[in-house]
There are 2 protein chains.
Amino acid sequence: MDEIEKVLKTHEVRPTAIRLLMYKFLKERNSAVTLNDIESGFDKSERTTLYRTIKTFEKNGLVHQIDDGTGVAKYALDEPEVGIGNSQDLHLHFHCTNCNETICLTDHKIPHISLPKGFVTQDMNLVLKGICDKCNES
Amino acid sequence: MDEIEKVLKTHEVRPTAIRLLMYKFLKERNSAVTLNDIESGFDKSERTTLYRTIKTFEKNGLVHQIDDGTGVAKYALDEPEVGIGNSQDLHLHFHCTNCNETICLTDHKIPHISLPKGFVTQDMNLVLKGICDKCNES
DNA sequence: AAGTTAATGCACTTAAGTTGCATAAATTTC
DNA sequence: GAAATTTATGCAACTTAAGTGCATTAACTT
């Protein structure tokens with residue numbers, strides 16, 4: 001059985017043709033993609049289907065949504081989980097204002113923040129904005 | 001001359017009736033507001049005008065836009081500036097997933113993050129999500 | 001007060017996200 | 001393996017927020 005097929009099944013996502021293709025598509029990218037990016041990558045298939053597919057991926061822990069401040073949702077593959085939990089969400093993202101790409105900095109965790117009494121944190125989103133390495137060298 | 005009128009003039013915003021009202025409206029709130037919130041707060045005046053007004057405020061350094069991940073832009077008054085610079089942007093925000101309010105934690109600055117070579121940071125956005133103090137006590 | 005510049009109101013457009021429903025495909029049950 | 005059931009897909013349509021063009025009105029300048 002295909003490697004990707006296994007990954008999907010592990011996450012209880014039935015491996016249909018489109019899902020396999022989308023997973024491969026996401027895997028080939030090293031930056032986060034919008035629904036439009038995905039749509040452009042597939043001649044076939046329909047916006048709604050792609051939308052629901054990515055949402056299924058998200059719900060089942062295959063991708064995470066990134067909100068980089070551009071106003072458009074982006075998605076990137078989760079790292080293969082070591083354990084259970086949402087440590088996935090706690091890495092930070094870098095958004096390049098030049099090329100508009102957003103990447104996961106998976107080994108940069110968000111530092112702990114102590115809040116005033118009464119506040120309970122469940123999730124965090126940290127986006128750094130600036131110029132990425134590629135845009136700086138060219 | 002009115003206090004608010006002075007503030008607007010200092011930021012080169014002509015103090016029209018609507019602008020004075022909107023500034024007062026923002027000042028009375030201690031959480032960030034959406035354009036819809038503003039619209040509901042004013043019987044009169046038109047969506048577009050309110051939109052352009054808040055954008056003018058933003059451009060002239062009276063408010064800052066907050067992207068809390070709900071997909072709707074929110075705005076909050078800037079703190080009175082101590083000096084020049086964008087230290088304004090570097091505080092963090094707390095979004096309560098229960099009451100949907102977003103507040104500025106102005107005295108909580110975003111800690112410094114060291115990035116890989118080639119990356120230059122110009123701006124940051126950190127949003128913590130969870131339950132706020134009000135929702136926790138009730 | 002006349003002229004100029006900026007703000008406002010109205011209509012319309014765009015873009016992303018989202019839902020309903022019929023059809024098609026895949027899985028389960030017999 | 002065929003029928004029944006569940007799930008996925010495709011199409012159309014809707015919702016919401018954001019944004020633009022342009023004529024009118026208000027504010028400021030001289």
Side-chain angles (χ1 to χ4, degrees), chain A residues 1-2 4-6 8-25 32-60 62-76 95 100 102, chain B residues 1-2 4-6 8-25 32-60 62-76 95 100 102:
Chain A
M1 173 160 40
D2 187 54
I4 294 177
E5 208 171 323
K6 263 188 221 160
L8 295 196
K9 283 191 173 169
T10 306
H11 290 261
E12 295 182 331
V13 174
R14 286 155 85 171
T16 65
I18 289 175
R19 288 170 175 181
L20 290 168
L21 282 171
M22 189 186 288
Y23 194 92
K24 203 152 53 171
F25 180 80
V33 297
T34 65
L35 192 59
N36 268 339
D37 293 335
I38 298 173
E39 214 180 341
S40 313
F42 294 86
D43 299 335
K44 295 191 168 199
S45 200
E46 221 257 336
R47 194 182 169 68
T48 319
T49 303
L50 299 174
Y51 170 75
R52 284 197 260 234
T53 300
I54 199 80
K55 285 298 173 191
T56 302
F57 281 11
E58 190 188 5
K59 191 157 54 94
N60 293 53
L62 287 167
V63 303
H64 59 286
Q65 183 175 336
I66 305 161
D67 186 5
D68 64 5
T70 55
V72 184
K74 293 185 181 174
Y75 303 89
H95 172 66
N100 197 34
T102 297
Chain B
M1 170 162 40
D2 186 55
I4 294 177
E5 207 170 324
K6 263 188 221 161
L8 295 195
K9 283 191 174 170
T10 308
H11 289 262
E12 295 184 327
V13 174
R14 287 155 84 169
T16 65
I18 289 174
R19 287 171 176 180
L20 291 169
L21 281 171
M22 190 186 289
Y23 194 91
K24 203 154 49 173
F25 180 80
V33 297
T34 65
L35 191 59
N36 268 339
D37 293 334
I38 298 173
E39 213 181 342
S40 313
F42 293 86
D43 299 334
K44 293 190 167 200
S45 199
E46 221 258 335
R47 194 182 168 71
T48 318
T49 303
L50 299 174
Y51 170 76
R52 282 197 261 235
T53 300
I54 199 79
K55 285 297 171 191
T56 301
F57 280 12
E58 190 186 6
K59 192 156 53 97
N60 293 53
L62 287 166
V63 303
H64 60 284
Q65 184 176 335
I66 305 162
D67 186 6
D68 64 7
T70 55
V72 183
K74 293 185 180 175
Y75 303 89
H95 171 66
N100 198 31
T102 298

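Residue numbers begin at 1 in each chain, while the letters A, B, ... track the order of the sequences. These values consider heavy atoms only, across backbone and side chains, with no hydrogens, waters or symmetry-generated copies.
- Rounded to a whole Å, the NZ atom of B/K55 is 16 Å from the P atom of C/dT8.
- If B/A73 and B/A17 are placed on DNA chain D by their nearest nucleotide, the residue sitting closer to the 5' end is B/A73.
- Considering only side-chain N and O atoms, A/R19 lies under 4.0 angstrom from the phosphate OP1 or OP2 of D/dT9.
- Using a 4.0 Å cut-off, no side-chain N or O of A/Y51 falls inside it from OP1 or OP2 of C/dA16.
- Dashed line: the shortest gap from a side-chain N or O of A/T16 to OP1 or OP2 of D/dT9 is under 4.0 Å.
- The heavy-atom pair separating B/E12 from B/N60 by the smallest distance is O-ND2, 3.3 Å.
- When the P atom of D/dA8 is taken as reference, atom CG of A/L8 falls 12 Å away, rounded to whole Å.
- An OP1 or OP2 oxygen of D/dG10 is reached within less than 4.0 angstrom by a side-chain nitrogen or oxygen of A/S45.
- Atom P of nucleotide C/dA7 and atom CE of B/M22 are separated by 13 Å, given to the nearest angstrom.
- In terms of heavy-atom proximity, A/Y75 sits nearest to A/E58 at CE2-OE1, 4.1 Å.
- Exactly one of B/I18, B/L35, B/L21 qualifies for a side-chain contact (heavy atoms from CB on, under 4.5 Å) with B/T53. That residue is B/I18.
- The residue A/T56 sits apart from the nucleic acid: no heavy atom pair falls under 4.0 Å.
- The separation between B/K74 atom NZ and D/dA18 atom C1' is 17 Å, rounded to whole Å.
- Rounded to a whole Å, the CZ atom of A/F57 is 12 Å from the C1' atom of D/dA8.
- The interatomic distance linking B/E39 (CD) with C/dG9 (P) rounds to 12 Å, in whole Å.
- There is a side-chain donor-acceptor pair under 3.5 Å between A/D37 and A/T34.
- Between B/N36 and A/T48, the residue anchored nearer the 5' end of DNA chain D, judged by the nucleotide with its closest heavy atom, is A/T48.
- B/R52 contributes a side-chain N or O that forms a donor-acceptor pair with the base of C/dG9 under 3.5 Å.
- Between D/dA8, D/dC11, D/dT9, one nucleotide has an atom nearer to the side chain of A/E46 than all others, and that is D/dC11.
- Checking D/dC28, C/dA16, C/dC10 against the side-chain heavy atoms of A/V72 singles out C/dA16 as nearest.
- Rounded to an integer number of Å, the gap from CG of B/L35 to P of D/dT16 is 15 Å.
- An OP1 or OP2 oxygen of D/dG10 is reached within less than 4.0 angstrom by a side-chain nitrogen or oxygen of A/T49.
- Taken to the nearest 0.5 Å, the OG1 atom of B/T49 stands 8.5 Å off from the CE atom of B/M22.
- As a whole-Å value, the separation of B/L50 CG from D/dA18 C1' is 14 Å.
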